[in-house]
Engineer: 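Supplied in structure tokens, the structure appears directly below.
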Amino acid sequence: MRHLLGFASGLLFGLGLVLSGMANPAKVLNFLDLAGSWDPSLGFVMGGALLVTFLGYRMVWRKSTPVFSDRFDLPSSTQIDRPLVLGAALFGIGWGIGGFCPGPAWVALPLLAPGAIVFLPMMLIGLWLGEKGRNLSTLSPKGTR
Amino acid sequence: MGPTIVTDFTPWVSLAGGMLIGLSAVIVMALFGKIAGISGITKSIIGAMAPTGNAPQERDWRLAFVLGLIAAPVIYRLVGGAIEQTVSSNLLAMAVAGLLVGFGTGLGSGCTSGHGVCGLARLSRRSFVAVVTFMAAGFATVFVLRHVLGGA
């Protein structure tokens, strides 16, 4: 049941990405191109997603526990640290070059564009390295994560 | 990165698509009690192949979730939907982009979904900073590539 519902959630998320245009890097790059062929559609994707999530989360949190777990597992860190800002900046640069963020990178895979097929394995390697980097003490001077 | 392709402004389908994404995030919270961040979900799957130093947790539903993501365009086409997609054919640039997106979201603990949707919906201060930072970096990168370097 967990597998089936996990699959269904991913499918719903993926259909949202496809329908909204997020799976098309050209549309993403045009959203980021304020000075050129600006396409504001992605603002509506974010707006729709945020509205539903903001309201839905609050309804869900009224329950004492999730269906398949004994607690809601929310990130507890509130510290604005170097890994967060540096990581977000590097992610933004990569996003601006390729037009893919992680969700659309998966969704694009079966469409078999060569650029997408190259992007995904590099993203996996990057994620692995980024996770290593996050644990380096040089980036977290106070020993926090 | 390749010629600029003009895309249509699609406010309503984009809004509807965004709401589906939001619905999925809410369902993941209701069922598993977790943030629906794709970089985080992907990271936990990588943990099955290479050690990341973090305890493997609830990999089962996350793997199923990613399979659902991959199935989405296939099913969308089967039911007659048309998918417009233009991906840069500059494979070196796409490789660098993939590496940066992976490394950045790994280091920064989240991406467009984890920070942008789930984090902002939780009113997380970290996510707000992350979103402002990656949006600014994205805008700046496209500006430089298209308008400073001449847009190739």
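By convention in this document, chain letters (A, B, ...) are assigned in the order of the sequence lines, proteins followed by strands, and residues within each chain are numbered from 1. Being a predicted model, the structure only gives us computed values, none of them experimental. Every heavy atom of this structure was used, including side-chain atoms; hydrogens, water molecules and symmetry mates were not.
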Engineer: Walk me through whether A:Asp81 and B:Arg126 qualify under side-chain contact (heavy atoms from CB on, under 4.5 Å).
Structural biologist: CA-CA 9 Å; A:Asp81 50 18; B:Arg126 268 172 63 85; 3.3 Å; yes
Engineer: Considering non-hydrogen atoms only, spot the tightest contact between B:Ala137 and A:Ala89 and give its length.
Structural biologist: CB-O, 3.4 Å
Engineer: Given the options B:Ala16, B:Gly114, B:Gly17, which has more heavy-atom pairs under 4.5 Å with chain A than any of the others?
Structural biologist: B:Gly17
Engineer: Answer whether the closest heavy-atom distance between the side chains of B:Ile35 and A:Tyr57 falls below 4.5 Å.
Structural biologist: yes
Engineer: Identify the heavy atoms of A:Ala26 and B:Ile5 that sit nearest to each other, and give their distance.
Structural biologist: CB-CB, 4.5 Å
Engineer: What is the distance from atom CD1 of A:Ile93 to atom CZ of B:Phe134, rounded to the nearest 0.5 Å?
Structural biologist: 13.5 Å
Engineer: Do you know which of B:Ala130, B:Ser124, B:Gly119, B:Pro73 has the most heavy-atom pairs under 4.5 Å to chain A?
Structural biologist: B:Pro73
Engineer: Tell me the closest heavy-atom pair linking B:Val6 and A:Ser37, and the distance in Å.
Structural biologist: CG2-CB, 4.5 Å
Engineer: Over all heavy atoms of both residues, which pair between A:Ala113 and B:Gln85 is shortest? Give the atoms and the distance, please.
Structural biologist: CB-OE1, 4.0 Å
Engineer: Could you tell me which portion of A:Pro75 (side chain, backbone, both or neither) has an atom closer than 4.5 angstrom to a non-hydrogen atom of chain B?
Structural biologist: both
Engineer: Where is the tightest heavy-atom contact between A:Ser41 and B:Asp8, given as atom of each residue plus distance?
Structural biologist: OG-O, 3.8 Å
Engineer: Check whether any side-chain heavy atom of A:Pro66 sits under 4.5 Å from a side-chain heavy atom of B:Phe32, and report yes or no.
Structural biologist: no
Engineer: Which heavy atom of B:Thr133 sits nearest a heavy atom of A:Val85, and at what distance?
Structural biologist: CG2-O, 3.6 Å
Engineer: What's the verdict on side-chain contact (heavy atoms from CB on, under 4.5 Å) for B:His147 and A:Asp33, showing C-alpha distance, side-chain angles and the deciding distance?
Structural biologist: CA-CA 9 Å; B:His147 304 290; A:Asp33 191 6; 2.6 Å; yes
Engineer: Quick one: what part of B:Ser89 sits under 4.5 Å from any heavy atom of chain A, side chain, backbone, both or neither?
Structural biologist: neither
Engineer: State yes or no: do B:Leu92 and A:Leu90 share one hydrophobic cluster built from I, L, V, M, F, W and Y residues joined by side-chain heavy-atom distances below 4.5 Å, directly or via other members?
Structural biologist: no
Engineer: Is the shortest side-chain heavy-atom distance between B:Leu63 and A:His3 below 4.5 Å?
Structural biologist: no
Engineer: Please determine, among A:Leu12, A:Leu109, A:Asn24, the option with the most heavy-atom pairs under 4.5 Å with chain B.
Structural biologist: A:Asn24
Engineer: Heavy-atom pairs under 4.5 Å with chain A: which of B:Tyr76, B:Trp12, B:Phe139 has the most?
Structural biologist: B:Phe139
Engineer: Looking only at heavy atoms and a cut-off of under 4.5 Å, which of B:Ser113, B:Ala72, B:Ala121, B:Gly108 has the most pairs with chain A?
Structural biologist: B:Ala121
Engineer: Please state whether the side chain, the backbone, both or neither of A:Val107 comes within less than 4.5 Å of a heavy atom of chain B.
Structural biologist: both
Engineer: In terms of heavy-atom pairs under 4.5 Å, which option from A:Leu84, A:Leu4, A:Leu19 contacts chain B the most?
Structural biologist: A:Leu84
Engineer: Hey, what do you get for CE (B:Met19) to OG1 (A:Thr53), rounding to the nearest 0.5 Å?
Structural biologist: 10.0 Å
Engineer: Shared ILVMFWY cluster between B:Ile70 and A:Val18, side chains joined below 4.5 angstrom?
Structural biologist: yes
Engineer: Decide yes or no for A:Leu74 and B:Met29: does some side-chain heavy atom of the first lie under 4.5 Å from some side-chain heavy atom of the second?
Structural biologist: yes
Engineer: When rounded to the nearest 0.5 angstrom, what is the spacing between OG1 in B:Thr105 and CG in A:Leu127?
Structural biologist: 4.0 Å
Engineer: Please state whether the side chain, the backbone, both or neither of B:Ile75 comes within less than 4.5 Å of a heavy atom of chain A.
Structural biologist: side chain
Engineer: Is the closest side-chain heavy-atom distance between B:Thr112 and A:Trp95 below 4.5 Å?
Structural biologist: yes
Engineer: Between B:Val66, B:Val142, B:Leu31, who has the most heavy-atom pairs with chain A when the cutoff is under 4.5 Å?
Structural biologist: B:Leu31
Engineer: Find the distance between CE (B:Met135) and CE (A:Met46) and round it off to the nearest 0.5 Å.
Structural biologist: 6.5 Å
Engineer: Identify which one of B:Val117, B:Leu20, B:Ile38 satisfies the side-chain contact (heavy atoms from CB on, under 4.5 Å) criterion when paired with A:Phe13.
Structural biologist: B:Ile38
Engineer: Check the hydrophobic clustering (I, L, V, M, F, W, Y; side-chain heavy atoms under 4.5 Å; chains of links allowed) and say if B:Met94 and B:Val144 are grouped together.
Structural biologist: yes
Engineer: Do A:Met123 and B:Leu99 make a side-chain contact, defined as non-hydrogen atoms from C-beta onward lying under 4.5 Å apart?
Structural biologist: no
Engineer: For A:Ala108, is it the side chain, the backbone, both or neither that has a heavy atom under 4.5 Å from a heavy atom of chain B?
Structural biologist: both
Engineer: Quick one: CZ on A:Phe100 to OG on B:Ser88, what's the gap to the nearest 0.5 Å?
Structural biologist: 10.0 Å
Engineer: Are A:Ile117 and B:Ile46 linked, directly or through intermediate hydrophobic residues, by side-chain heavy-atom contacts shorter than 4.5 Å (ILVMFWY only)?
Structural biologist: no
Engineer: If I measure from the heavy atoms of chain B, does A:Val60 come under 4.5 Å with its side chain, its backbone, both, or neither?
Structural biologist: side chain
Engineer: Show your reasoning for whether side-chain contact (heavy atoms from CB on, under 4.5 Å) applies to A:Trp61 and B:Arg122.
Structural biologist: CA-CA 11 Å; A:Trp61 287 337; B:Arg122 291 194 308 119; 3.6 Å; yes
Engineer: Look at A:Pro25, A:Ala8, A:Ser69 and state which one has the largest set of heavy-atom pairs under 4.5 Å with chain B.
Structural biologist: A:Pro25
Engineer: Counting N and O atoms only, with roles assigned by atom type, does the side chain of B:Arg125 sit under 3.5 Å from a partner on the main chain of A:Thr78, one being a donor and the other an acceptor?
Structural biologist: yes
Engineer: Could you check which of A:Leu34, A:Leu55, A:Val28 has the highest count of heavy-atom pairs closer than 4.5 Å to chain B?
Structural biologist: A:Leu34
Engineer: How about B:Thr10 and A:Lys27: does a side-chain donor come under 3.5 Å of a side-chain acceptor?
Structural biologist: yes
Engineer: Are more than 12 heavy atoms from other residues, nucleotides or ligands located less than 6.0 Å from atom CZ of B:Phe128?
Structural biologist: no
Engineer: Heavy-atom pairs under 4.5 Å with chain B: which of A:Gly94, A:Gly103, A:Gly14, A:Pro114 has the most?
Structural biologist: A:Gly94
Engineer: Where on B:Arg77 is there a heavy atom nearer than 4.5 Å to chain A: the side chain, the backbone, both, or neither?
Structural biologist: side chain
Engineer: Heavy atoms, side chains only, cut-off 4.5 Å: are A:Asn30 and B:Arg146 in contact?
Structural biologist: yes
Engineer: Using the six-membered ring wherever Trp is involved, compare the ring planes of B:Phe9 and A:Phe44 and label them parallel, tilted or perpendicular (cut-offs 30° and 60°).
Structural biologist: perpendicular
Engineer: Can you tell me if B:Thr42 and A:Trp106 form a side-chain donor-acceptor pair at under 3.5 Å?
Structural biologist: yes
Engineer: So, taking the atom named CG in B:Leu69 and the one named CZ in A:Phe7, what distance separates them when rounded to the nearest 0.5 Å?
Structural biologist: 9.5 Å
Engineer: Just by modelled atom types, is the A:Ser20 backbone N or O under 3.5 Å from a matching donor or acceptor in the B:Ser14 side chain?
Structural biologist: yes
Engineer: Given heavy-atom pairs under 4.5 angstrom as the criterion, report whether the side chain, backbone, both or neither of B:Val129 touches chain A.
Structural biologist: side chain
Engineer: Quick one: which of A:Leu5, A:Leu15, A:Asp39 has the most heavy-atom pairs under 4.5 Å with chain B, could you say?
Structural biologist: A:Asp39
Engineer: Using the rule that Ile, Leu, Val, Met, Phe, Trp and Tyr join whenever any side-chain heavy atoms are under 4.5 Å apart, tell me whether A:Leu124 and B:Leu67 fall into a single cluster.
Structural biologist: yes
Engineer: Can you tell me which of B:Ile83, B:Val132, B:Val87 forms the most heavy-atom pairs within a distance under 4.5 Å of chain A?
Structural biologist: B:Val87
Engineer: Can you tell which part of A:Ala23 gets under 4.5 Å to a heavy atom of chain B, answering side chain, backbone, both or neither?
Structural biologist: backbone
